[in-house]
Asker: 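Structure below; questions to follow.
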Amino acid sequence: MTVNWELQGCCDRNQRIFIAAVGVSTVVILLLWRTFLLTPFKLITVFLHETSHALACKLTCGDVEGMQVHANEGGVTQTRGGIYWIILPAGYLGSSFWGMVFILASTNLLTTRIAAGCFILALVIVLFVADNWFLRWLCIGFVVFIAVVWVIQEFTSFHILKYVILFIGVMNSLFSVYDIYDDLISRRVHSSDAEKFAEICPCPCNGFAWGVIWGIISFIFLCASIYLGLVILS
């Protein structure tokens, strides 16, 4: 009975730390939203957005001809072939999905290391696909950043890598929802992914409607990541 109470207390403590970390990350992101301090993390969200387009293209037998991320938080991925109606929504939804994956990975030290390793691998791969030097330097910068944080975690008792991965996950989730609202719902951009998707989709939804649908899905990813994180830690 004592052991059971100790296990329950440990689970409750881990859940409280997880919720607190998500809450603190959210508050920090909102407070620093319009400052330069958050810019690198916004850019890495754009990186994951474009990487999701590229991954969807490769998974549907297409070719990725190039990728760019710009200082103004914009990006573009040139693809040839593949299934267009899968590639188009993959950017916004993929970024939200990776946000959820990072948040869930942060609940365990092993999965944190796996997520960090996969993230570094993705950065190295994109380094050789990038069409502009800004994206290359972004990849190099985050490879160094994650590597340094990883080394600090391995040689100290502070699990800083876990919180960095969590922060990147929360950042991706929040920025994806905001980006969908800003690009697809609050204003009509005829060159947006949602408008292009509406043109090829046989259903009567326009770009605005698809923006709302994608926004709801992204918000579900965010809520699911918190719920599943608590389940994992229970």
Side-chain angles (χ1 to χ4, degrees), residues 21 25 28-29 32-59 62-80 87 90-106 109-156 158-176 178-179 183 193:
S25 296
V28 169
I29 289 168
L32 301 179
W33 188 262
R34 299 192 181 279
T35 69
F36 71 93
L37 295 174
L38 213 59
T39 299
F41 295 96
K42 288 182 178 180
L43 291 170
I44 212 63
T45 301
V46 177
F47 161 84
L48 288 171
H49 175 112
E50 300 304 332
T51 300
S52 297
H53 280 309
L55 187 59
C57 175
K58 296 300 292 183
L59 290 175
D63 292 318
V64 179
E65 298 183 334
M67 187 186 302
Q68 296 180 28
V69 171
H70 304 288
N72 64 354
E73 299 170 17
V76 61
T77 300
Q78 292 89 24
T79 64
R80 179 165 49 87
I87 297 171
Y92 291 107
L93 299 183
S95 185
S96 300
F97 173 77
W98 294 123
M100 179 178 70
V101 169
F102 275 46
I103 291 172
L104 294 178
S106 71
L109 286 178
L110 175 61
T111 52
T112 295
R113 294 186 180 101
I114 293 172
C118 292
F119 186 38
I120 289 175
L121 178 62
L123 289 164
V124 172
I125 292 172
V126 172
L127 181 62
F128 295 98
V129 180
D131 278 344
N132 64 329
W133 273 104
F134 185 85
L135 176 54
R136 293 189 186 103
W137 283 116
L138 179 68
C139 291
I140 293 170
F142 263 87
V143 166
V144 172
F145 172 66
I146 296 298
V148 169
V149 170
W150 198 334
V151 170
I152 292 173
Q153 172 166 292
E154 296 302 322
F155 288 94
T156 66
F158 182 46
H159 299 151
I160 186 172
L161 181 62
K162 179 173 75 171
Y163 295 110
V164 169
I165 291 297
L166 174 68
F167 185 85
I168 293 174
V170 174
M171 180 68 209
N172 263 272
S173 298
L174 292 177
F175 191 69
S176 296
Y178 169 80
D179 213 23
D183 290 348
D193 293 342

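For reference, positions follow the sequence shown, starting with 1.
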Asker: Just jot down the salt bridge (Lys or Arg N to Asp or Glu O under 4.0 Å) partners of Glu73, sequence neighbours excluded, or say none.
Answerer: none
Asker: For residues 93-100, dump all side-chain donor-acceptor pairs below 3.5 Å to protein atoms at least two apart in sequence or in another chain.
Answerer:
residue: Ser95; atom: OG; partner: Asn172; partner atom: OD1; Å: 3.1
residue: Ser95; atom: OG; partner: Ser176; partner atom: OG; Å: 3.0
residue: Ser96; atom: OG; partner: Tyr92; partner atom: O; Å: 3.2
residue: Ser96; atom: OG; partner: Ser218; partner atom: OG; Å: 2.7
residue: Trp98; atom: NE1; partner: Ser52; partner atom: OG; Å: 3.2

Asker: Should Gln78 and Val76 be marked as a side-chain contact (heavy atoms from CB on, under 4.5 Å) after you check the CA-CA gap, both sets of side-chain angles, and the distance that decides it?
Answerer: CA-CA 7 Å; Gln78 292 89 24; Val76 61; 3.6 Å; yes
Asker: Yes or no on side-chain contact (heavy atoms from CB on, under 4.5 Å) for Lys58 and Thr79, after CA distance, side-chain angles and deciding distance?
Answerer: CA-CA 9 Å; Lys58 296 300 292 183; Thr79 64; over 6 Å; no
Asker: For residues 121-145, which side-chain N or O atoms pair as donor and acceptor with protein atoms under 3.5 Å away, sequence neighbours left out?
Answerer:
residue: Asn132; atom: ND2; partner: Val69; partner atom: O; Å: 2.8
residue: Arg136; atom: NH2; partner: Ala130; partner atom: O; Å: 2.9

Asker: With sequence neighbours left out, what residues match Arg80 under salt bridge (Lys or Arg N to Asp or Glu O under 4.0 Å)?
Answerer: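 Applying salt bridge (Lys or Arg N to Asp or Glu O under 4.0 Å) to Arg80 gives Asp63, Glu65.
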Asker: Quick one: list whatever passes side chain to side chain donor-acceptor pair (under 3.5 Å) with His159, sequence neighbours left out.
Answerer: none
Asker: Go through Phe119 and Ile168 one step at a time and tell me if the side-chain contact (heavy atoms from CB on, under 4.5 Å) criterion holds.
Answerer: CA-CA 11 Å; Phe119 186 38; Ile168 293 174; 4.0 Å; yes
Asker: Give me the atom names and distance for the closest heavy-atom approach of Ile120 to Ala147.
Answerer: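 What the structure gives for the nearest pair is CD1-N, 4.4 Å.
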Asker: Test side-chain contact (heavy atoms from CB on, under 4.5 Å) on Phe167 and Val28; report intermediate values, then the result.
Answerer: CA-CA 10 Å; Phe167 185 85; Val28 169; 4.1 Å; yes
Asker: Is a side-chain N or O of Thr112 found less than 3.5 angstrom from the main chain of Ala105, in a donor-acceptor match?
Answerer: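 Side chain of Thr112 to backbone of Ala105: a pair is present.
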Asker: Can I get a per-line list of side-chain donor-acceptor pairs under 3.5 Å for residues 41-51, giving both atom names and the distance, sequence neighbours left out?
Answerer:
residue: Lys42; atom: NZ; partner: Trp33; partner atom: O; Å: 2.5
residue: Thr45; atom: OG1; partner: Phe41; partner atom: O; Å: 3.0
residue: His49; atom: ND1; partner: Gly91; partner atom: O; Å: 3.4
residue: His49; atom: NE2; partner: His53; partner atom: NE2; Å: 3.2
residue: Glu50; atom: OE1; partner: Thr77; partner atom: N; Å: 3.3
residue: Glu50; atom: OE1; partner: Thr77; partner atom: OG1; Å: 2.6
residue: Thr51; atom: OG1; partner: Phe47; partner atom: O; Å: 2.7

Asker: Do you know the tightest heavy-atom contact between Leu38 and Ile29?
Answerer: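 Minimum heavy-atom separation between Leu38 and Ile29: CD2-O, 3.4 Å.
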Asker: Is there side-chain contact between Lys162 and Arg113, with at least one heavy-atom pair below 4.5 Å?
Answerer: no
